[in-house]
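Since this is a predicted model, take the numbers as computed values, not measurements.
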Amino acid sequence: MVISQKKRNEIDEQYKWSLTNLFETDEKWSDEYERLTVEIPKIYDFKGSLGNVDNLLKCLETTNGIEESMGRVYVYANMKLHEDGGNSKYQGFADKAESLVVRVSEATSFVEPEILDMDESFLRDLLDNDDRFVIYHHLFDNLLRMRAHVLSTEVEAILASAGDMSEAMDNVYSMLCDADMKFGIVKDENGNDVELTHGRFLSLMESPDRDVRRNAHNAMYEQYNRHKNSISTMYSHSVKKDLFYAKARRHPSCVDHSLFERNIPKEVVNNLIKTVHEYLPHLHKYLKIRREALGLSDLQPYDLYVPFVNDVNSTVEYSKAKETITTALAPLGGEYINILKDAYDRGWIDVYENAGKHSGAYSWGAFGCHPFVLMNYDNTINDMFTLAHEMGHALHSYYAWETQPYIYSGYSIFTAEVASTVNETLLIDHLMKNAVDENQKKYLTNHFIEGFRGTVFRQTMFAEFEMKTHELVENGEALTVDLLCEIYAELLKKYYGSEVVINDNIMMEWARIPHFYNPFYVFQYATGYSAAIALSQKILEKGEPAVKDYIDFLKSGGSGYSIDLLKKGGVDMSTPEPIRAALDVFKGLVDQLAE
């Protein structure tokens, strides 16, 4: 018997998200799409007239309204496509929505240059003395900060019109890996034939049968090796795209461009990498413990995820996961828990994998509706932690959208991983406190350590890979598949030391990382994880006062700069101290496991 993926229509409706909460029908979506195609050209009516205060205000209100509606159109189209990437109808929807985004970007491209042509003292006076503009204070502050990097109206329009092309490599990569690539059939530990998918890969990597792990690992990477030239070309051109925009915006490098847009000091990334390097010996110590606990003479990449504590049931059904997460997050207060329960019951979550569904997990949505969560739940303890993680994102969005106006409803990537990791940390704390025997405690200790390995160490390694590849392209080098594998292998050797065998397959792991098409995103998993450890400890130690500060942080959305919002919460990410404090927890866990 072959255990294959279910089709979308074979999934029970109670386990699907309710996108009707965004648009009742596809026809309603089409109506809104058509309405926006009529409304967008009206933005051009304001061109050349923003020196008039009333016109400036009306232009801002008009563009914000169009962008808010466009967000719902874009999210619906893409989430319908994510249900099944092979659905040609929603491929068309997503393509039309992408074009709509470009048209809005083109139409609004004159706004920032015209505002920045105004005298700064005039703008400051407007913000301080005209009540109608009070809401725009942070928006204008940030715009004035970027003054040197905003170009002429004509050039901004050209850059905006290139939006479709700039997303091409990311879109092609997603289609190749999520819709077109098939990984074949492998046997599980019970001898069943199982269709290998992105969603099942990690479950198979946790199999106690080493042959199962090896075969799944080889089958997965066989496909990536088969497409290695195509994928390396996609990534190379994605990096070239990053360089083009960095140069166009007058930044000295791609990383400077990326960090400047989020107002994150470059020292944050440098401090992260330097501090993580200091703690690599403790990672090597953990990997040695893992090898010895598994009774292996060598530790292969497919041995990195299997639990090495026996006689512990790591299966967690979805209903049990919801119940456990709800109990674990009780320290966040009754209001938080009520919103969480409402999310479970009102179609926020798309639970199980189906053929063609977008791989992995995410939280997404649009202002004016509730957030949504995509899962590929496979009844493992890792899936329970992923659910807790994504619900952290979802409730962060919910609080921000309910509290802030549209212009500040989105939070930056730098703060995005904090709420998700606070949820995971509270969950592991609850599970460890309630573990009934020594084996469970060992299992959970190892799981907590794996959180550090996968989030702080692994994502920092990814960030180093991005920095090296972008530096090479900035220096005129070509990113061939052999060079990419060589760079990645050297980083693996640095991070894993001599404890892990670096085989040909794992050298291709860079090809499996979709976040590389969103440059310099991944390091924020590590910084967010570190900030979350600090906040979680405060919540557990101080109770209600710390919870209030934390919920206020969630409600702040994008109303300030990320570094400043976290400082108000008591975490200063401009210093290496939160990273060091988090990694001290990791060191303690490894020492505890060694005993």
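Just one residue in the list Met467, Lys468, Met461 forms a side chain to side chain contact (heavy atoms under 4.5 Å, CB included) with Glu464, and that residue is Lys468. With Tyr521 as reference, Tyr525 is the one residue of Tyr517, Phe523, Tyr525 to meet the ring-ring contact (aromatic ring centres under 6.0 Å, His included) rule. The side chain to side chain contact (heavy atoms under 4.5 Å, CB included) with Lys357 is formed by just one residue from the set Asp84, Ile11, Asp178, Asn376; it is Asn376.
Not a single donor-acceptor pair under 3.5 Å links the side chain of Ser258 to the backbone N or O of Cys254. Put simply, the side chain of Ser420 gets close to the backbone of Glu417: a donor and an acceptor are under 3.5 Å apart. Ser18 places no side-chain N or O within 3.5 Å of a backbone atom of Thr20 that could act as its donor or acceptor partner. Asp130 contributes no side-chain N or O that, together with a main-chain N or O of Leu126, makes up a donor-acceptor pair within less than 3.5 Å. Between the side chain of Asp564 and the backbone N or O of Gly560, no donor-acceptor pair lies under 3.5 Å. Judged by distance alone, with hydrogens and angles left aside, the side-chain atoms of His137 form no donor-acceptor pair with the main-chain N or O of Leu127 at under 3.5 Å.
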Problem set entry | CA sep, side-chain torsions, deciding dist, call: Val255, Glu471, side-chain contact (heavy atoms from CB on, under 4.5 Å) | CA-CA 9 Å; Val255 68; Glu471 286 172 5; over 6 Å; no

Exercise. Please walk me through it: do His82 and Tyr90 pass ring-ring contact (aromatic ring centres under 6.0 Å, His included)?
Worked result: CA-CA 9 Å; His82 291 171; Tyr90 296 117; over 10 Å; no

For this session: Run the numbers on Asn171 and Ser174 for side chain to side chain donor-acceptor pair (under 3.5 Å), then give the verdict.
Result: CA-CA 5 Å; Asn171 292 336; Ser174 181; over 6 Å; no

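Using cut-offs of 30° and 60° for the angle between ring planes, the His396 and Tyr411 rings count as parallel. Ring geometry for Phe367 versus Tyr406: interplanar angle over 60°, hence perpendicular rather than tilted (30 to 60°). In this pair, Trp364 and Tyr74 present their aromatic rings perpendicular. The plane angle is above 60°, beyond the 30 to 60° band. By the 30° and 60° cut-offs, the orientation of the rings of Phe140 relative to Tyr136 is tilted.
Here the closest heavy-atom approach between residue Phe110 and residue Cys59 is recorded as CZ-SG, 4.5 Å.
Geometrically, Lys96 engages Tyr33 in a cation-pi contact defined by less than 6.0 Å to the ring centre and at most 45° from the axis. Judged by the 6.0 Å distance and 45° axis criteria, Arg226 is not positioned over the aromatic ring of Tyr221.
Contact check on Glu83 versus Lys80 returns a salt bridge, with a Lys/Arg side-chain nitrogen under 4.0 Å from an Asp/Glu carboxylate oxygen. Between Arg124 and Glu120 there is a salt bridge, with a side-chain nitrogen of the basic residue lying less than 4.0 Å from a carboxylate oxygen of the acidic one.
Side-chain atoms of Gln459 and His515 include no donor-acceptor pair closer than 3.5 Å. Checked by atom type, the side-chain pair Trp29/Glu24 shows no donor-acceptor distance below 3.5 Å.
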